[in-house]
Amino acid sequence: MHAQEIHEAGKAKPGGLEAGKRILYVAVALSSALMGAKFYAYYLTESSAILSDALESIINVVASIFALCSVIVSAKPPDPSHPYGHGKIEYFSAGFEGALIMLAAFSIFHQGVLRILHPQEMPQLDLGVGILVLVTALNAFLGYTLLRIGKKIKSDAVFTHGKHLITDVYTSGGVIIGLLIVVATSHWYVDGLIACLVGANILVSGLLIVKRAFGGLMHASDEELLKNICDVLTQHRKDLWIDLHQLRAWRSGQRIFVDFHLILPRDLSLEKAHSEVKDLERFFAVHFGEETEIFVHLDPCEDPECNVCSNDPCGLRKGEHERKKTWKLDSVTSGR
């Protein structure tokens, strides 16, 4: 049964990668078309708020291309030069996208301040706002699709780009509301204020994306992943597995790397201990995919651990079994 489950898990992954590449091809094409529509709306209205939204769309296009390239590269198998694979490029992609967003924010601030100081009437504003509403709806559809697929295939590049597009949707929504106020009041300087607010919003968004990318490159703790690993270990727990500690895990694109210390009876043969590790590898392959790599450091049991050891019969026991230790995140990630 294990072999069949592992085979199916292995088959699902390439399909997921292909889905990720397909949606990013679509994202490049659609983002380019939507960027053109926003610049056309700016051409009609000469609105600095619409211009700020259009400038952010340039980042969308560049980021789509970079995300696509990173997904293609991260799918390459490990080689002698990159024994841990190429998945880290997805974090570089996310960091690059965040840096571009922050760069665009400063340009938007510049345009907004100029329009506040020198307000001017905007022609065909109704038509421009209508175009922006349509573009925003399409962006929302694309963004949520990227989020769904990115989460499904565990692609940081696809998921991050989806979050960026959703941020762009909120930004465009704010621009639309602000411009409707301008239409209703004819307070033209509000156009510049909206542009500055857009700039502040995407600056914060860029900082958060860079922080996420930096965390991935620095192997920041992934609490959700660690809890998932705890669930897998608890689900398949054997009496021979007395306890575990120093659990660590990190992602590299589609690959997951896990290492921990596992305490086994000290009289267990090397062959049997090796068999337990192979079982662990199978369990992780079924749950996370065949390319998951686990590194298990085997520790021999010590007498004080008799009270949490449920291995029976045991010729080494010097204390009564009192309870089975619950494997929770705070305990399994700490030392012995």
Side-chain angles (χ1 to χ4, degrees), residues 1-13 78 83-85 87 154 215-216 218-336:
M1 182 174 66
H2 284 312
Q4 179 63 25
E5 289 175 326
I6 294 171
H7 178 66
E8 293 301 321
K11 285 170 62 179
K13 185 181 173 186
Y84 289 99
K154 303 294 190 297
M218 295 297 292
H219 292 179
S221 180
D222 186 337
E223 186 171 326
E224 182 181 354
L225 175 60
L226 290 171
K227 286 182 177 178
N228 206 352
I229 291 170
C230 282
D231 291 341
V232 172
L233 290 168
T234 300
Q235 178 185 354
H236 298 284
R237 186 172 182 175
K238 301 181 182 182
D239 288 342
L240 278 176
W241 303 352
I242 299 170
D243 201 3
L244 67 92
H245 55 277
Q246 288 184 232
L247 170 65
R248 298 177 296 181
W250 55 283
R251 295 184 185 274
S252 180
Q254 307 296 307
R255 303 172 71 84
I256 295 176
F257 296 87
V258 183
D259 66 85
F260 55 89
H261 289 229
L262 179 66
I263 300 175
L264 297 176
R266 58 181 179 267
D267 62 347
L268 204 65
S269 69
L270 178 61
E271 181 181 7
K272 179 59 178 172
H274 176 72
S275 175
E276 295 303 313
V277 174
K278 299 304 290 184
D279 281 348
L280 282 164
E281 289 176 349
R282 286 195 293 271
F283 298 146
F284 275 85
V286 169
H287 190 83
F288 293 108
E290 273 194 308
E291 293 193 13
T292 302
E293 294 191 26
I294 70 168
F295 305 91
V296 185
H297 180 95
L298 298 179
D299 290 336
C301 68
E302 297 176 354
D303 292 343
E305 286 154 346
C306 287
N307 66 331
V308 296
C309 174
S310 55
N311 183 42
D312 191 34
C314 176
L316 302 171
R317 185 174 297 281
K318 293 187 178 181
E320 293 299 322
H321 168 61
E322 298 176 2
R323 61 184 175 84
K324 198 173 201 177
K325 187 174 179 182
T326 302
W327 288 346
K328 295 183 177 179
L329 190 59
D330 56 346
S331 63
V332 298
T333 55
S334 61
R336 185 169 183 173

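Every value quoted in this text rests on a predicted model; they were computed, and no experiment measured them.
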Separation of [Y] [atom2] from [X] [atom1] (nearest 0.5 Å):
X: N228; Y: L329; atom1: CG; atom2: CG; value: 11.5 Å
X: R255; Y: W250; atom1: CZ; atom2: CH2; value: 9.0 Å
X: T333; Y: Q246; atom1: OG1; atom2: CD; value: 10.0 Å
X: F288; Y: L225; atom1: CZ; atom2: CG; value: 5.5 Å
X: I242; Y: E305; atom1: CD1; atom2: CD; value: 6.5 Å

Please answer whether the main-chain N or O of [Y] pairs with a side-chain N or O of [X] as donor and acceptor at a distance below 3.5 Å.
X: E276; Y: A273; answer: no
X: T234; Y: D231; answer: no
X: R317; Y: C309; answer: yes

Do [X] and [Y] have side chains that approach each other closer than 4.5 Å (heavy atoms only, starting at C-beta)?
X: F283; Y: L233; value: no
X: L244; Y: W327; value: yes
X: L298; Y: V277; value: yes
X: D222; Y: R251; value: yes
X: L240; Y: K272; value: yes
X: T292; Y: H287; value: no

Inset, instruction - Starting from the C-alpha separation in whole Å, work towards a yes-or-no answer on side-chain contact (heavy atoms from CB on, under 4.5 Å) for D312 and D239. - result: CA-CA 8 Å; D312 191 34; D239 288 342; over 6 Å; no
Return the minimal non-hydrogen interatomic distance between [X] and [Y], and the atom names on each side.
X: C230; Y: V332; value: SG-CG2, 3.4 Å
X: V296; Y: I294; value: CG2-CD1, 3.9 Å
X: P265; Y: C301; value: CA-SG, 3.8 Å
X: L262; Y: L280; value: CD2-CD1, 3.8 Å

Inset, instruction - For W241 and N311, run side-chain hydrogen bond (donor to acceptor under 3.5 Å, both in side chains): C-alpha distance rounded to whole Å, both residues' side-chain angles, the deciding distance at 0.1 Å, then the answer. - result: CA-CA 8 Å; W241 303 352; N311 183 42; over 6 Å; no
Legend entry - salt bridge (charged side-chain N to carboxylate O under 4.0 Å, His left out) against K328, all qualifying residues, sequence neighbours excluded: none
Legend entry - salt bridge (charged side-chain N to carboxylate O under 4.0 Å, His left out) partners for D303, two or more places apart: R266, K318
Legend entry - Step-by-step side-chain contact (heavy atoms from CB on, under 4.5 Å) determination, F284 to I256: CA-CA 10 Å; F284 275 85; I256 295 176; over 6 Å; no
Inset, instruction - Could you tell me which residues satisfy ring pair (Phe, Tyr, Trp, His ring centres under 6.0 Å) with H261, sequence neighbours excluded, listed by chain and number? - result: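 Residues passing ring pair (Phe, Tyr, Trp, His ring centres under 6.0 Å) with H261: H245, H297.
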Inset, instruction - State plainly whether the residues K227 and E224 are in salt-bridge range, i.e. N to O under 4.0 Å. - result: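 Salt bridge between K227 and E224, a charged N being under 4.0 Å from a carboxylate O: no.
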